[in-house]
Enquirer: 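This is the structure I have questions about; it appears just below.
Just so we're on the same page: letters track the sequence lines, and every chain starts at 1.
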Amino acid sequence: MEVGKRLSRVDAPDKVTGRAKYTGDLVPRPHLVAKVLHSTIANGRVKAIRTGKAQAIPGVVKIVTCFDVPDIQFPTPGHPWSVEKAHQDVSDRRLLTDRVRFYGDDIAAVVAEDEISAARALGAIEVDYEEYPVVTDPEVSMTAGGESIHAECPDNVLASMDVRTPMPESDFKTVEEVLDCPSYHQFRGHYQTQQVQHCHIESALSYAYMESGRIVVVSSTQIPHIVRRVIGQALGIPWGDVRVIKPYIGGGFGNKQDVLYEPLNAYLSKAVGGRCVKLELTREEVFQCTRSRHAISFDVAAAVDGDGNLMARSVRALSNQGAYASHGHAIVANAVTAFRQLYQDQLGCHAQARTVYTNLPSPGAMRGYGIPQSNFALESMMEDIARAFDLDPYEFRLQNLMPPGYVDPFNGITCHSTALRECMAKGAQFIGWKALREKYQNQTGPVRRGVGMAVFSYKTGVWPISLETAAARMVLNQDGSVQLQLGATEIGQGGDTVFTQMAAESIGFPADRVHIVSTQDTDTAPFDTGAYASRQTYVTGMAIKDTGALFKSKLLDYAAELLERGAGELDVRNGEIVDAGTGQELLKLHDLAQEAFYSFRHSVHIAAECTHQCKDNTFAFGCCFAEVEVDIPLGRVTVLRVVNVHDSGRLINPQLAEAQVHGGMSMGLGYALSEEMKFDEKGRLLNGNLLDYKLPTAMDHPELTALFVESDDPTGPFGNKALGEPPAIPVAPAVRNAILQATGVAVNTLPLSPQRLVEEFTKAGLIGGKEG
Amino acid sequence: MNVEILNCIVNGRSVEVAIDPRESLADTLRERLGLTSVKKGCEVGECGACTVLVDGQAIDSCIYLSLWAQGKKILTVEGLQDDNGELSNIQKAFVEEAAVQCGFCTPGIIMSAVEIVGSGKSYTREELRKLISGHLCRCTGYQNILNAVERAVNEAHKFVGK
């Protein structure tokens, strides 16, 4: 069995020796350097750009402005394309724009011989603007009635949804009637999350050049096949004229599930006759000009009966989309859908969501795709309800959880397997839940402790909201090993290693006989939409399983020919051909391969390729328990212990699964306690660097514990379900709920930074009041 | 453009290279000497991805002028394997503890680990956290990185005092 092993990462030796090549390590010499001129206003219009002085700077090769680029609007999100117009992504970007929509919008670009000339040229370009009032608050943006941010969207509301679950027979006709009924406990809450960034340590960068009349773009991306399509759309050229290559990437976390500057890079290379042009963003540009996590506000209501049953809930979410649609409404739609799914309402749930343009940098996909936001609201709400009506927060959750076999009434996503209850029990036992809850009641004094929890559900991949398709190719080598080619991408999560294990498992090879091709080149890699939605182990896994079975059957057919036996009597075990009945080795794969390649009698190049279109989905689950110490006068929170327990189905590689959970927990801790993109009233980002942004260091972390309860999912190719994104989801509400237990103060806005906590503790009278 | 000649020892080999006096050591190592393990994540000394050893001391090479390295010994990850190509104990610890994910911060942290292990001292977990806090990593939560560094430190101490 290769699946389930703690196999060392297949890419680790290259990564610890510095041999692993990332985009910036591969740029051919000589090359030109491109830099982008960003607007210094957040809302308005470029009236004129004067490039004469910049053009005269030695080393400057070409300057293009928003008035030069083709008038083509294109979409940027890393979604599969839809052939139905109604389901296509919003096309609201141009390569460069004269209509400035956020501070830092792209209005011109310089191509120069070197970085210094390019930077000097940027400084010498003169721009005249017409300025409009800056709107950063979505509530204001919807109602202000000023100049629309996009002409196609006059009220600045990109999209909205309004979903009511079917209600059973009862005295109530609507959820709102239940939420007004005095015979139930009634709860109302407002929760607000902040805009944060992925902070992959490698910048966003690419380089582009022309070869054989086509444009080649090498990019640090999670989605090479999608980047190819969008470059084609943005430049108005056939998609086949574009070739995208993805080497190792230094982290993505969803930011690189968006097409960032690749189309502009391709355009600039073409503009200088196909010479190689590198476009690498500075860290400050990554913060200001690439994607981030949406700030979303939630107004929630719930009715609970005397026995602790959730009777009905409503949620109204408002998502700040910033200047461009990117993934747009899909994020908040996902957020409120998960809000609805995790718990069962006896009577019904009413979910509304709205996505609104403002003059801020555009959020897009980020690990968890809206669920960290709605889970903060939902799990804070569950805690607050339990506290208000004297319910045990653990039992209250348990009692109302999504049941096994649950089917979503709208999208049909089904709970095929769940070990959430076992995860909760394991987490509670690890942290010592009951004893600590007891111990930390009724504390006094300036330093107090508390323990909190949160649970979550997360779907696996995007079916049926969007297409799920993946392909794999396996090719026999002369020595009896196999090379594995995928369109799915390694982005640091360990994809290449688990794909290797899956291929080995499905063929009957040991893992060291599978050689994965890590780089995706859209000219040669099979089609796959890429790394997002925690989909690859599930969807690409299915393609690998199918391809492995086909590859194995071809090996057996050829072996049957050589051995003059029926193929059905044979099997591949531990990399050799054996008698299926007795297990006796009959033929070395090496000998089979030599014969297949070089036989005068019958030479055949054994290879297999399959597409798997996945038309199912399944829920992964998990929980977080956190123990904190709060220094009330300082507003400082120390996380003493934290544990995540996950049901991601069968683990393909437990060691890498743990590592993945650590990283997600870390991101969750930053989300909970320190991270926030801060803007001034002009829409300027104030902390667009890794220091002021307060990305957590090793000193800001407690020991991280990752535990699992493995269900065996009947739909997963190897019993597996989503794992990549979920670990980031439950940490912030667990920490928030622990602070609530410690201090009695419910803080409903992230992050729980010292400034915010001091304000809240002061309001509550813990600082400066009779207790302070 | 002014050109100056930098003479130094890089990964045990004497190097003479023409540089721009304004140039950072990170750029010299990457662009002129092809040592691409030296990663640039911020170029202002925040992330630690460009860490190399200069005369045994870990520095952010993105904010270290190449001229300052005149006559000094520089070590990068490319210089850690022995003559037979065997990984160093620190590199092995990073592989075995699954301390590597995207791998972009890895060479820099390994170089700090070389300094830590080379000090010959033992450290508490909290001290190790402080010692690697100049490195930012978004993939690992530092958990397995700490495990790897701790393991390398402990292994080094097996040979001490016996």
Enquirer: If you tally heavy-atom pairs under 4.5 Å against chain A, which of E78(B), Q91(B), H135(B), K92(B) wins?
Expert: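 Going by pairs under 4.5 Å, I would pick Q91(B).
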Enquirer: Taking side chain as everything from C-beta outward and backbone as N, CA, C, O, which of these in S8(A) sits under 4.5 Å from a heavy atom of chain B? Side chain, backbone, both or neither.
Expert: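 Side chain of S8(A) only, per the 4.5 Å heavy-atom cut-off to chain B.
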Enquirer: For K39(B), which atoms come within 4.5 Å of any heavy atom of chain A: side chain, backbone, both, or neither?
Expert: side chain
Enquirer: Salt bridge between R30(B) and D25(A), side-chain N to carboxylate O under 4.0 Å?
Expert: yes
Enquirer: Would you confirm whether the ring centroid of F430(A) sits within less than 6.0 angstrom of the ring centroid of F625(A)?
Expert: no
Enquirer: With a cut-off of 6.0 Å (strictly less than), are more than 12 heavy atoms of other residues, nucleotides or ligands near NZ of K121(B)?
Expert: no
Enquirer: Which atoms of A49(B) come close to chain A, meaning under 4.5 Å heavy atom to heavy atom: side chain ones, backbone ones, both, or neither?
Expert: side chain
Enquirer: Any carboxylate oxygen within less than 4.0 angstrom of a Lys/Arg side-chain nitrogen, looking at R6(A) and E658(A)?
Expert: yes
Enquirer: Answer with side chain, backbone, both or neither: which region of L656(A) has an atom nearer than 4.5 Å to a non-hydrogen atom of chain B?
Expert: side chain
Enquirer: Which region of L136(B), side chain (C-beta onward) or backbone (N, CA, C, O), has a non-hydrogen atom less than 4.5 Å from a non-hydrogen atom of chain A, or is it both or neither?
Expert: both
Enquirer: Under 3.5 Å, side chain of Q70(B) to main-chain N/O of I5(B), donor-acceptor pair present?
Expert: yes
Enquirer: Picking from A98(B), S88(B), P107(B), which has the most non-hydrogen pairs under 4.5 angstrom with chain A?
Expert: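 Of A98(B), S88(B), P107(B), A98(B) has the most heavy-atom pairs under 4.5 Å with chain A.
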Enquirer: Tell me, for R125(B) versus chain A, whether the close heavy atoms (under 4.5 Å) come from the side chain, the backbone, both or neither.
Expert: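 Side chain of R125(B) only, per the 4.5 Å heavy-atom cut-off to chain A.
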Enquirer: Under a 4.5 Å heavy-atom cut-off, does chain A meet the side chain of E46(B), its backbone, both or neither?
Expert: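 For E46(B), the contact with chain A is made by the side chain alone.
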Enquirer: Salt bridge or not for K21(A) and D14(A), using N-O below 4.0 Å?
Expert: no
Enquirer: Any Lys/Arg nitrogen of E155(B) or R151(B) sitting under 4.0 Å from an Asp/Glu carboxylate oxygen of the other?
Expert: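 A salt bridge links E155(B) with R151(B).
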Enquirer: Please determine whether a side-chain nitrogen of the Lys or Arg among E126(B) and R129(B) lies less than 4.0 Å from a carboxylate oxygen of the Asp or Glu.
Expert: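 Judged by the 4.0 Å cut-off on N to carboxylate O distance, E126(B) and R129(B) do form a salt bridge.
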Enquirer: Are more than 12 heavy atoms from other residues, nucleotides or ligands located less than 6.0 Å from atom CZ of R120(A)?
Expert: no
Enquirer: Are T76(B) and N11(B) close enough that a side-chain donor and a side-chain acceptor fall under 3.5 Å?
Expert: yes
Enquirer: Do R9(A) and E490(A) meet the salt-bridge criterion of a basic N to acidic O distance under 4.0 Å?
Expert: yes
Enquirer: Pick one of side chain, backbone, both or neither for E43(B), based on which atoms fall under 4.5 Å of a heavy atom in chain A.
Expert: neither
Enquirer: Check whether A659(A) gets within reach of chain B through its side chain, its backbone, both or neither, counting any heavy atom under 4.5 Å.
Expert: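 Both parts, backbone and side chain.
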Enquirer: Of the listed residues (G103(B), A99(B), S37(B)), which shares the most heavy-atom pairs with chain A below a 4.5 Å separation?
Expert: G103(B)
Enquirer: Residue by residue, scan residues 137-150 of chain B and write down, ordered by number, those that have a heavy-atom distance under 4.5 Å to chain A; if none do, write 'none'.
Expert: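 Listed by number, the contacting residues are C137(B), R138(B), C139(B), T140(B), G141(B), Y142(B), Q143(B), N144(B).
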Enquirer: What part of N689(A) gets closer than 4.5 Å to chain B, counting heavy atoms only: side chain, backbone, both or neither?
Expert: both
Enquirer: Are Q520(A) and T489(A) close enough that a side-chain donor and a side-chain acceptor fall under 3.5 Å?
Expert: no
Enquirer: In terms of heavy-atom proximity below 4.5 Å to chain B, should L669(A) be classed as side chain, backbone, both, or neither?
Expert: neither
Enquirer: Does any heavy atom of chain A fall under 4.5 Å from the side chain of E31(B), the backbone, both, or neither of them?
Expert: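 For E31(B), backbone and side chain are both near chain A.
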Enquirer: Do you see a donor-acceptor pair shorter than 3.5 Å between the side chains of T23(A) and E280(A)?
Expert: no
Enquirer: Given that the side chain runs from C-beta out, which part of M699(A) has a heavy atom under 4.5 Å from chain B: side chain, backbone, both or neither?
Expert: both
Enquirer: Considering only heavy atoms, which portion of L704(A) lies under 4.5 Å from any heavy atom of chain B: side chain, backbone, both, or neither?
Expert: both
Enquirer: In terms of the angle between their ring planes, are Y693(A) and F287(A) parallel, tilted or perpendicular, with boundaries placed at 30° and 60°?
Expert: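 Tilted.
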